[in-house]
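The structure appears right after this line, and notes come after that.
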Amino acid sequence: MAIQPIIVTPDLDRVQAFYEQVLGASEVHSYPPDGPVFYRTLKIGDAELGLVSEPADLSAPPRIALSIDVADVDALLPLVEGAGGRVQGPPNDMPWGQRVAHVFDPDGNPVNLAQEL
């Protein structure tokens, strides 16, 4: 069994570019193969992230956050804003042994970048 998060976005290319630039995502599947694409699967490390192109109310509060394990939180933070995202604040060392930075993708979806200490 596996769980695949899927982000609904009105701008598929913009959100895909964010995850490619910040986390090194690569596209592994798109549908349909011909014509306007409305679904893409991105590979990030060993995980997959889906993107669906649909109208979305970006002013509505998010109801889920992605937490992504990364090798170096501090090295990724400068990439976030250049890729259209937003950094919420500086990273923090958590008592459970992770360094975590809270960022937002271009649609305002919360993403936690988490590094094992």
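Numbers here are sequence positions counted from 1.
Taking the side chain to side chain contact (heavy atoms under 4.5 Å, CB included) definition, one finds that Pro91 meets it with Val73, Asp74, Leu77, Arg99, Ala101, sequence neighbours left out. In this view, Val100 and Met94, Gln98, His102, Asn112, Ala114 satisfy the side chain to side chain contact (heavy atoms under 4.5 Å, CB included) rule, not counting sequence neighbours. For Arg86, the side chain to side chain contact (heavy atoms under 4.5 Å, CB included) test picks out Phe104, with sequence neighbours left out. In terms of the side chain to side chain contact (heavy atoms under 4.5 Å, CB included) criterion, Ala47 has no residue partners (sequence neighbours excluded).
When all heavy atoms are compared, the tightest approach of Val22 to Leu76 is O-CD2, 3.1 Å. Here the shortest heavy-atom pairing between Phe18 and Gly85 reads CE1-CA, 3.7 Å.
Counting only heavy atoms from C-beta outward, the side chains of Pro5 and Leu66 approach each other to under 4.5 Å.
Interatomic distance, Asp107 CG to Ile7 CD1, rounded to the nearest 0.5 Å: 7.5 Å.
Counting non-hydrogen atoms of other residues, nucleotides and ligands closer than 6.0 Å to CD1 of Ile64 gives a total of 12 or fewer.
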Under 3.5 Å, which donor-acceptor pairs link side chains of residues 37-44 to any protein atom two or more places apart or in another chain?
from  : atom 1 : to    : atom 2 : distance (Å)
Tyr39 : OH     : Gln4  : OE1    : 3.2
Tyr39 : OH     : Gln4  : NE2    : 3.4
Tyr39 : OH     : Thr41 : OG1    : 3.2
Arg40 : NE     : Gln16 : OE1    : 3.4
Arg40 : NH1    : Asp13 : OD1    : 2.8
Arg40 : NH1    : Gln16 : OE1    : 2.6
Arg40 : NH2    : Asp13 : OD1    : 3.2

Under 3.5 Å, which donor-acceptor pairs link side chains of residues 48-62 to any protein atom two or more places apart or in another chain?
from  : atom 1 : to    : atom 2 : distance (Å)
Asp57 : OD1    : Ser59 : N      : 3.0
Asp57 : OD1    : Ser59 : OG     : 2.5

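In the hydrophobic cluster analysis, where Ile, Leu, Val, Met, Phe, Trp and Tyr join through side-chain heavy atoms closer than 4.5 angstrom, Val8 is grouped apart from Tyr19.
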